[in-house]
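Data block below; observations after.
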2 protein chains.
Amino acid sequence: MATIYEVSKLAGVSLATVSRVMNNNANVSDATREKVTRAMTELGYRPNSIAQSLASNCSNSVGLLVSELQGPFYGPMMSGIETAFRKQSKHVIIAAGHSDEEREQQAIEFLISRNCDGLILHVEAISDDYLIELSKGKTPFVLINRYIEELSSRCIILDNVKGGYLAAKYVLEQGHTDIAYISGPLWKKDAQDRLAGHKQALAEYNLNFNEQLLYQGDFMEDSGATGFQHLHNNAPQFTALICANDEMATGAMATAREYKIKLPEQLSIMGYDNVFFTRHISPPLSTINYPISAMGRMAADWVLSNVYHKNTSPLQTLFEPELIIRQSVLAIPQ
Amino acid sequence: MATIYEVSKLAGVSLATVSRVMNNNANVSDATREKVTRAMTELGYRPNSIAQSLASNCSNSVGLLVSELQGPFYGPMMSGIETAFRKQSKHVIIAAGHSDEEREQQAIEFLISRNCDGLILHVEAISDDYLIELSKGKTPFVLINRYIEELSSRCIILDNVKGGYLAAKYVLEQGHTDIAYISGPLWKKDAQDRLAGHKQALAEYNLNFNEQLLYQGDFMEDSGATGFQHLHNNAPQFTALICANDEMATGAMATAREYKIKLPEQLSIMGYDNVFFTRHISPPLSTINYPISAMGRMAADWVLSNVYHKNTSPLQTLFEPELIIRQSVLAIPQ
DNA sequence: ACATTAAATGTAAGCGCTTACATTTATAAC
DNA sequence: GTTATAAATGTAAGCGCTTACATTTAATGT
């Protein structure tokens, strides 16, 4: 691999001049620019961005930490982010934290030591304190799907209380009063919030929240299945089941069918996230829209604006959930 | 951020010694190792891996180029890869090529200039020649889902001809003789192969392949929808539709329903890939399994073995498709 | 006690770039 | 034709590490 030195040699100029034409920075005469360019193509020269990075202290790369690389939720998020950066020729280094504190921390350390200019973090297990401490460091970062009071300007979040509220309210409007709920793991803030919104809607309808109708899942499909099973066997009768995300709803539906329960006639089901496949399952799942791709793009814009000082459309941190009505919830006949 | 210099100062040793304890390489006495470690934690020292990279000419990171970051196909692949590398504390830099020649090429250049020690490439648009040329360079790479004769030992592929064959054979066994086919874009090798397998099965049943029953899609859901529409309006009657992947099958199914066609009673449908949501749609889709996650792990193993000289389980390049029978194909009554 | 050898540590030259500063060359003003 | 000024180019230091080689220190044998 040719180095800048060889190019300068061939072109008959100094290192600095070659560097200048690369970064088409300063004043270089057309003639020399031409010479240098020619030499570069002749040698098939490709700048070594590691070296650039070290010298300039700017890597043109941003770190992206997500919980998982697969699944209908993170895909669109990553994609939104990559697209935004690609347009500005920034590059993304990716890591998965697997909702595990140590792994998340490790990943952050790596991304920082890797000279990322900025970070986009979707972390779940790491403590607020760690992040607040991190914010005092020199690598700027933005948080997706997590709210920390002290860091509020860099938290891109969905109003999950409202989402939980919307889901429950819709089901209540259809006349249901016996509503089971499969939550996410309640140590996660979003799981808490969704449940809080749920309770709020119940309260508005003067309904008490019955703990027996609650099952705590883990946002994965299987826990929807076991959750349904548990509720079916142990809880009082219910005519509707609200799940804190679509994947658990999917699991619950599959299991309900195994119990020969007709959907949606005998049981209404509500999801959350509006993951892409919800409209393909049967019955098509009513759910709450989570504009994750847009939020990913917004996170990228945050970095573009705060780190690279590019002009972007105005930054927005709070996103609104939206009710998506399909066919999995039936009205109770009066 | 503290540098190695400050650590050496604090510990009262030379740069080299600090470097040695970092890479716990050479002979360092326990006493000095202790001193240095203490100094490191005291300063909160974190090695700058950019600098390490430049000096050692090894970045401990591998580049991963996929067509898209989202979708049920790439997610499991990326995940398999990340997991394998994480265990060996290698890191992955990701890029999306979007099936576009220029973007794929750009991405490869970036990954190389970024000093990736090795590359895992899922490319579609770039030419064989380019890749063959690339293989002469110093950055080793492995190809997923693409076969090039000259590079055969580094091509991790599925036997797509066989997959196409299995799908068609199964449908034929159910008594169908009028079978429509929605292919992938035929400039892609895998699309060609699947179709070839399809034709081969037809031939075994002494059936001619009818061009009118073929629609060329692009592997995306929408093209399944328009494909169905086209076939429904222009093609002769058919009792089964085989799609070259699950997403097109999904699109076709949705549209078929809009035409009030009962599935699977009036039309049998067959997919390909066994993407995770196929079992949730209705009717659950019969399809061909594509062990993409395993193939991702294998690609990672290839790099681990060929680049980092780690011992891995034996490398395998050819993977076998498998018929997955669910409920979307019905036997024709005799 | 002294040579011989091995272990521990230090020295300094890069890795391929960027960039402040110095120097040269061209342009303009008189 | 001089200067003054701006534009173009060159020089060299340094980014934070690794590593070949040189040097010092400790361990061993006689």
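Every chain is numbered from 1 and lettered A, B, ... according to where its sequence line falls, protein lines coming before strand lines. The shown structure was predicted, so the numbers you read here are calculated from the model rather than taken from an experiment.
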Taking A:E104 for its side chain and A:E124 for its backbone only, find out whether a donor-acceptor pair lies under 3.5 Å. yes
Nearest to side-chain heavy atoms of B:V13, which nucleotide of D:dT9, D:dT18, C:dG10: C:dG10
Side chains of A:S135 and A:E150 in contact at under 4.5 Å (non-hydrogen atoms): no
DNA chain C contacts among residues 47-55 of chain B, heavy-atom distance under 4.0 Å: B:L54, B:A55
For D:dT9, does either OP1 or OP2 sit under 4.0 Å from a side-chain N or O belonging to A:T17? no
For C:dT18, does OP1 or OP2 lie under 4.0 Å from any side-chain N or O of A:Y5? no
With heavy-atom distances below 4.5 Å as the criterion, would you say the side chains of B:T317 and B:S152 are in contact? no
Main-chain N/O of A:Q52 paired with A:S56 side-chain donor or acceptor, under 3.5 Å: yes
Given protein heavy atoms under 4.0 Å, the one-letter contact record of nucleotides 20-26 of chain C, with B base, S sugar-phosphate only and - none, is simply B------
Atom-pair distance (CG on A:L15; P on C:dT18), nearest Å: 10 Å
A:E34 CD to D:dA8 C1': how many Å, rounded? 17 Å
Mind checking A:T3 for me? I need base, sugar-phosphate or nothing, with any heavy atom below 4.0 Å counting as a touch. sugar-phosphate
Here the distance between atom C1' of C:dC17 and atom CG of A:N60, to the nearest Å, is 14 Å
Side chains of A:L151 and A:F141: closer than 4.5 Å at any heavy-atom pair? yes
Excluding sequence neighbours, so at least two apart, what forms side chain to side chain donor-acceptor pair (under 3.5 Å) with A:S14? A:T17
Roughly, in whole Å, what's the span from CG in A:N24 to C1' in D:dA8? 16 Å
Between D:dC15 atom P and B:I4 atom CD1, what is the distance in whole Å? 13 Å
Can you pull the salt bridge (Lys or Arg N to Asp or Glu O under 4.0 Å) pairs that have at least one residue in residues 70-98 of chain B, sequence neighbours excluded? B:E82-B:R86
B:Y308 OH to B:N60 CG distance, which is reported to the nearest 0.5 Å: 5.0 Å
Whole-Å gap separating P (D:dT19) and CG (B:N57): 10 Å
Could you go through the side-chain contact (heavy atoms from CB on, under 4.5 Å) check for B:L69 and B:M78 one step at a time? CA-CA 9 Å; B:L69 295 179; B:M78 293 190 288; 4.0 Å; yes
Flag for B:D190-B:Y290: side-chain donor and acceptor within less than 3.5 Å: no
Provide, to the nearest angstrom, the distance between the CE atom belonging to A:M40 and the P atom belonging to C:dC17. 11 Å
Can you tell me if the side-chain N/O atoms of B:S56 get under 4.0 Å from OP1 or OP2 in D:dT18? no
Would you indicate, yes or no, if D:dT9 has its OP1 or OP2 atom less than 4.0 angstrom from a side-chain nitrogen or oxygen of A:S29? yes
Run the side-chain contact (heavy atoms from CB on, under 4.5 Å) test on B:S293 and A:Q70 for me, step by step, so that the C-alpha distance in whole Å, both residues' side-chain angles and the decisive distance to 0.1 Å come before the verdict. CA-CA 10 Å; B:S293 178; A:Q70 60 184 314; over 6 Å; no
Annotated structure of DNA chain D as dot-bracket, pair cut-off 3.5 Å, Watson-Crick or G-U only, | for inter-strand, is ||||||||||||||||||||||||||||||
Please classify the nucleic acid contact of B:S19 as base, sugar-phosphate, or nothing, using heavy-atom distances under 4.0 Å. base
In whole angstroms, how far is the P atom of D:dT18 from the CG atom of B:N115? 14 Å
Report the residues that fulfil side chain to side chain donor-acceptor pair (under 3.5 Å) with B:N160, sequence neighbours left out, ordered by chain and then residue number. B:R194, B:Y272
